Amino acid sequence: MTIDGEYTFRAPRETVWELLQDPDVLVKALPGAKKLERIGEDRFDGIMRVGVGPVTAAEWSVNVQLKDLVPPESYAMQMEGKSPLGFTRGTGTVTLVAEDEATTRMHYHGDVQLGGKIAGVGQRLLDQVAKLLARQGLEALNREVEARLAR
Amino acid sequence: MKPAPFEYHRPGTTDEAVTLLAEHGWEAKLLAGGQSLIPAMNFRLAQPGVLIDLNNVEELAYIRDGDVGLHIGAMTRQRSAERSELVAARAPLVHEALPFVAHPQIRSRGTIGGSIAHADPASELPAVTLALEARFRLRSPRGARSVSADEFFTGLFGTALESDELLAEIEIPPPADGAGWGFAEISRRHGDYGLAGLAAAVQLDGDGKCSKARLALLSVGDGPVLATSAAETLLGAEPSEEAIRAAANAAAHRDIDPPSDIHASAAYRRRLVEVLTRRVLPRAFDRARGVDLKPITHEA
Amino acid sequence: MNRSYVGQSVPRNEDRRLLTGQALFVDDVQLEGMLHVAFLRSDHAHALIRGVDVSAALARPGVAAVYTAEDLGDYWRPGPLLVPPPPVEGLTFNEATQVPLAKEKVFHVGEPIALVVAESRYVAEDALADILVDFEPLGAVVDPEAALAPDAPILHTQFGTNLAAHVVQGHGDYEQAKAEADLVISRRFLYDRGAACALENRAVAARWDPKAEELTVWDTTQAPIPIRNGLARMLGLLESQVHVVAPFVGGGFGPKIMMFYPEEVLIPWVAMKLGQPVKWTEDRQENFYATTQERGQVHDAEIAVTQDGRILGVRDFFLHDTGAYDSYGLTVPINSQCTLLGPYSVPSYHSEFKAVFTNKITVTPVRGAGRQHGVFVMERLLDLAARALGMDPAEIRRRNYLGNEAFPYNHQIIFQDFSPLFYDSGDYLPALETALETIGYDSFREEQRRMREAGRHIGVGVVSYIEGTGIGPYEGARVTIDPSGRVRVATGLGTQGQGHYTAFAQVVAEVLDVDVEQVHVTTGDTREFGWGTGTFASRGAVVAGSACHAAAQAVREKILAMAGRVLEAVEEQIELSDGHVRVRGAPERSLSLGELARMANPLRGAVKPGTEPGLEATAYFGPDRGSTASGVHAMIVEVDPETAMVEIKRYVVVHDCGRLINPMIVEGQVQGGVAQGIGNAFYEKLIFDDSGQLLNASFMDYLLPTALDVPRVEMAHRETPAPMNPLGLKGVGEAGCIPTGAAFAQAVEDALPEYGLEILEIPLSPNRLFSLLEDAHDH
Amino acid sequence: MTSPVELSVRVNGASHQRSVEPRLLLSDFLRHELNLTGTHVGCEHGVCGACTILMDGEAVRSCLIFAVQADGHELTTVEGLAAGDDALHPLQTAFREAHGLQCGFCTPGFLMTLIPFLRDNPTPSDREIREGISGNLCRCTGYQNIVQAVRLAAERMAPEATP
């Protein structure tokens, strides 16, 4: 499954970049994230409980590793998640383009693989769920951006 | 395939139910007919910590006619509504769409309110109530409020319901003079989720021009999708074949961004929406003109 | 008066129990102290297992035990190779059979890694979530063609390749045929995977009785006796210490004969280990991940014909996806290879296949067992040739049928029973003509034109097929006259709805002249009858039916001999009718069979040397070769080119399975087969993604046809008796689903001539048909 | 509470009191607590229809109801269809005569679906019969003989047919 899109933040690129490195911010942007800890250089461990409609299922443990960081322009990430419903693995790239001094456009691209039971029964809604989670995450991130700027 | 454990409550009244809801918040799930929730629980896709069973709340099961239309209690079984002469007379689009909801064994347990509150993008009743401009009465310990279908559906399984609110009643405005309707969906097998479907409510003015058109599509977005630009092409026009063709085109190519899944590509869904619109609208307008037609069968 | 039962539509003996909820299925077995099992299955299609931590699961209240491969000790070993490769010259076969629990590596999603034993299935499932498996994912092999690429990840590294087998068979000189041909048609055909989806999932229950030193196993198997024998061997018990019961089984269709499933190996072991009865019942989700599936094949096939449509030769290269293991040997691809030839004269044939390991659930026979793939390729080639020659599809078939003078006909290639592919008898042309007449072929074009004017698109498809049935090695039966006068019949194979309790009763009732309801049949209980192979390859009625017949004949002889002695008459004077023996011309000298049976087992006196007590006989039947059933299917469809939806309007089957024991049952088998064939053609496809994940593992997304999707099948029988067995029987179990895909493809193309469609793949969903129509439109 | 809940239910005319865990499915309750194993489980997600029973006279899927929800209700399972030991319900007889079953696993679900179906529509067309049973999967029969059986039963059960 591929997730592609872009999102515009009303904030300077450096601000957005900083937020994207901050586990306390990311925990709010990751849908259903209950905790996220930095466990090493650009590595994070966390617990997510994703809720979409009736699917408020078991917890997922996730591990995110950021790679190829080019501050404040781009980075790649590798993500792994596990739960009794199955697993997810993905790679993504995030690119930040400064539209102007106060506007940043984020391009994101992810290739996500799902495995196990969730892959076997979730297909009808997967496309929509991915879109929903991406939107929820970005909107949450945007709220953080705005909060940071308002400070 | 056995559900995970949960804490179980069976309130006898709406008040008790919303009190429990307020107490448990998002940890709690309301159990209405359970025909979507329990399969998800059996797969362990859904593992609610608390289940509040509404099946003993008898005050939520009724069908009543009123001044502003039909009042359907949320816990009314789909099968009861399907058999109701009142529903057939006062909300014929609901009557026409109900046989498309799964199978009789599901409908004898499934409820009107449960299906709407679940807001599955492939469900028939959300699209039908959206087409009909239904209003929903929501109850919480904080009181009651009423929201329109347009406000109620907010995305994938998303509704305007707060964590302490339940859907208590569906209000369906009575058919106006010159109103017409039609429902059809195309599915792989009878009773399956439609690959695409259309609930249409239209109205003709005294000159035979279209004065209202609400086309609600299912299975082509993250919830029921109102085909607004298709409706615009019809408004003020005589519903000629060309007008309908233009509306069908607009519905398929301007109003939706359909998903691709293992059953249907986005392109195929667009085609089905185009065909459904072309096939359903003439019937809806015929009805608006007073021509009595048999319901469209599932073969569309 | 000798009544005839064979050939009559007798209502079934087993129905009362099934209709009142009194029939025993394995999941109904409930024993004091019974524990329940759930399996932890791999989420990955291909991965190394670096560790399994079951400590949390073990600590959960209600959990009795948790086992991984490590805990099995010496009991952990690869399963047997069920069917060795046939004696084909130059054949390559790499054997890799499944293991009870994955140890170092998993090869498909759903492969079991651990099992939890708990007080209820609910708790067992709770505990699955407690188990942590540390996987190291490997690249998955999904597409059989990609599996053979040099850089493909290798499943079974000991072979250094994903090639499971390579087999070349044929006769004549295809290259020469091609050189002489007026027309050569060459295409690639796909026939993808499906699931058998018996409504009853698999289940195994086991109890070890330490006092009797006896293991009882209830198993939804199609082959209880081989299961008993294998379990005894694995557990170090005598075969007599293991009692396997396959009670009522809710549909088999092939996968229930796969052995040994990991669960079949493990549940009895756990019951012995814990000293408590244990049951595992597969749920529907597991069924999609853990029960063997139908085959996917890719054929690159070519036909060489003359200007007047005569086949000069066929060449076929195909890849057969065998899944993660090849425990069932080459039965399926060999069936495809052999059945392709159909009822036709094919002077030269070159067929070469490679079976390929992929990271998917293992493939074993499912109703049709690969025959439909061969039929699809051959029938499609004929259709394309006919189209190119401007010839009617029915006509090209007429011109190529083997004539009646051809039988017995030897195709000079090896069939799944290891004998040469040999057609015992057949009469093909009249079946085609009957089908054409029944469906109104001659007037169809007129109707098609009329419908077209009304904006509707209808099309017809007519195809032929043969089915090799009733193969050996053998089955047996014991027939006993009970002192009550009722007749007991016991046979070793299991029953999954084919009406064995009635069909075998009819065979025996006819020989012994008793009422069919007076014949009590037991199948699938190793205590009742301990010799046999199983229910597969449309062989139950043919092979076990013939054994029942032989045993009943032997009992009849005993009855007559004993009656002669007791009634003091010469044997020739004894009449056996209506459950009695009588002396001809002296009706007062008569005894019931029950009285005779009691006398045959005396408490005093002596059983004379050379005789045996009781009125009982056991007999076996082992045919040298199978018998060849055949038929023609014709279908009319209506296609809505706007929505790509297809409706089957009419379906005609002309079927020849030799002599019919019970026409009602035969028709039921055919009708049910057609329904499965329709599913195969239009609804049912297992969809795997590039990483080997199954994407439609539920009845929500894997679509079985419903009552609205299956038309009434109009049926005509032809009876060309089989010369190889006393009753002239041929098998019928699989016939209905074999040619359906081919007929469907021809009919859909015929409905939409302006698109010039070539349907080269099955299953064909509306979504896929839509894209084919779009492509045709664009060109 | 995840702790057991009291449950009082009438099944086939007999009363049963039990204490059950709330998550216990009604299908499992009938099969394993009451030993009414005629109700079969084929998918546990509401598609196959094998577990269909009657709840207050209406056909429902017992795999999509928790046992606790049956409290105070009247259930009928396939074991409750036939009047006595020997007598079959006319629908059962028709299934036998028309060969409407093969392996018989789905059959109880079909029968229980058809009881209210024929009550509501005693003279159904073939199309209506097929629609009526479209929520029940059968893998063996291809449905034709089931349709035939329903037709046969409808003829025999029609009010004018009773003397």
Side-chain angles (χ1 to χ4, degrees), chain A residues 1-4 32 34 39-40 43 45-65 67 77-92 109-131, chain C residues 38-47 53 56-57 106 108-111 113 116 124-140 142 195 283-290 359-361 685-703 767:
Chain A
M1 185 172 52
T2 305
I3 304 165
D4 266 313
K34 293 171 80 175
I39 54 157
R43 285 178 75 97
D45 262 356
I47 301 285
M48 286 169 71
R49 190 161 183 222
V50 181
V52 180
V55 187
T56 45
E59 290 182 339
W60 291 70
S61 60
V62 293
N63 173 275
V64 182
Q65 171 155 30
K67 299 202 301 200
M77 64 178 158
Q78 218 165 351
M79 195 267 291
E80 278 183 30
K82 268 203 281 196
S83 94
L85 288 177
F87 69 90
T88 174
R89 289 195 296 166
T91 54
H109 172 89
D111 286 305
V112 181
Q113 184 204 334
L114 273 183
K117 289 179 179 182
I118 189 84
V121 294
Q123 292 299 324
R124 180 173 69 90
L125 298 164
L126 227 48
D127 216 29
Q128 304 284 6
V129 170
K131 282 184 197 164
Chain C
F39 283 86
L40 181 80
R41 298 180 182 280
S42 175
D43 289 334
H44 290 266
H46 199 192
D53 179 358
V106 288
H108 66 85
V109 176
E111 185 155 21
I113 296 167
V116 174
E125 287 191 20
D126 294 344
L128 293 183
D130 301 334
I131 300 175
L132 297 173
V133 184
D134 188 7
F135 289 109
E136 182 181 327
L138 301 169
V142 180
D283 65 30
R284 181 56 59 186
Q285 196 170 30
E286 285 183 287
N287 183 264
F288 279 101
Y289 291 114
N359 290 113
K360 290 185 257 179
I361 296 117
K685 177 179 172 172
L686 292 163
I687 303 168
F688 291 86
D689 74 4
D690 294 342
S691 61
Q693 295 291 334
L694 177 58
L695 303 183
N696 52 345
S698 79
F699 276 170
M700 294 179 296
D701 290 322
Y702 185 84
L703 310 177
N767 190 40

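Bear in mind the structure is a predicted one, so any value in this text is a computation, not a measurement. Just so it is clear: chains get the letters A, B, ... in the order the sequence lines come, proteins before strands, and each one is counted from 1.
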Practice problem: Provide the closest heavy-atom pair for A/Ala119 versus C/Gln693 in the form atom of the first, atom of the second, distance. | Solution: CB-OE1, 4.0 Å
Exercise. Go through A/Gly86, A/Gly115, A/Pro84 and name the one with the most non-hydrogen pairs under 4.5 angstrom from chain C.
Key: A/Gly115
Quiz item: For the side chain of A/Gln123 and the backbone of C/Asn696, is there at least one donor-acceptor N/O pair under 3.5 Å apart?
Solution: no
Quiz item: Rounded to the nearest 0.5 Å, how far does OG of A/Ser83 lie from CG of C/Asp43?
Solution: 8.0 Å
Quiz item: What part of A/Leu126 lies closer than 4.5 angstrom to a heavy atom of chain C: side chain, backbone, both or neither?
Solution: neither
Quiz item: Between C/Asp130, C/Asp689, C/Leu694, which has the largest tally of heavy atom pairs under 4.5 Å with chain A?
Solution: C/Leu694
Self-check item: Between C/Ala45, C/Gly692, C/Ser42, C/Pro137, the one whose heavy-atom pairs under 4.5 Å with chain A are most numerous
Solution: C/Pro137
Quiz prompt | Reported CD-to-CZ distance for the pair A/Glu80 and C/Phe135, which is rounded to 0.5 angstrom | solution = 12.0 Å
Quiz prompt | Atom of C/Ser698, atom of A/Val121 and distance for their closest heavy-atom approach | solution = CB-CG1, 4.1 Å
Quiz item: When heavy-atom pairs shorter than 4.5 Å are enumerated against chain A, which of C/Arg41, C/Gln285, C/Met700 gives the highest number?
Solution: C/Gln285
Quiz item: What part of C/Tyr289 lies closer than 4.5 angstrom to a heavy atom of chain A: side chain, backbone, both or neither?
Solution: side chain
Exercise. Provide the closest heavy-atom pair for A/Gln113 versus C/Ser691 in the form atom of the first, atom of the second, distance.
Key: NE2-OG, 3.1 Å
Practice problem: State, with a plain yes or no, whether a side-chain heavy atom of C/Phe288 is found less than 4.5 Å away from one of A/Lys117. | Solution: no
Exercise. For atom CG of A/Asn63, decide whether the heavy atoms of other residues, nucleotides or ligands shown that lie under 6.0 angstrom number more than 12.
Key: yes
Quiz item: Where on C/Leu695 is there a heavy atom nearer than 4.5 Å to chain A: the side chain, the backbone, both, or neither?
Solution: both
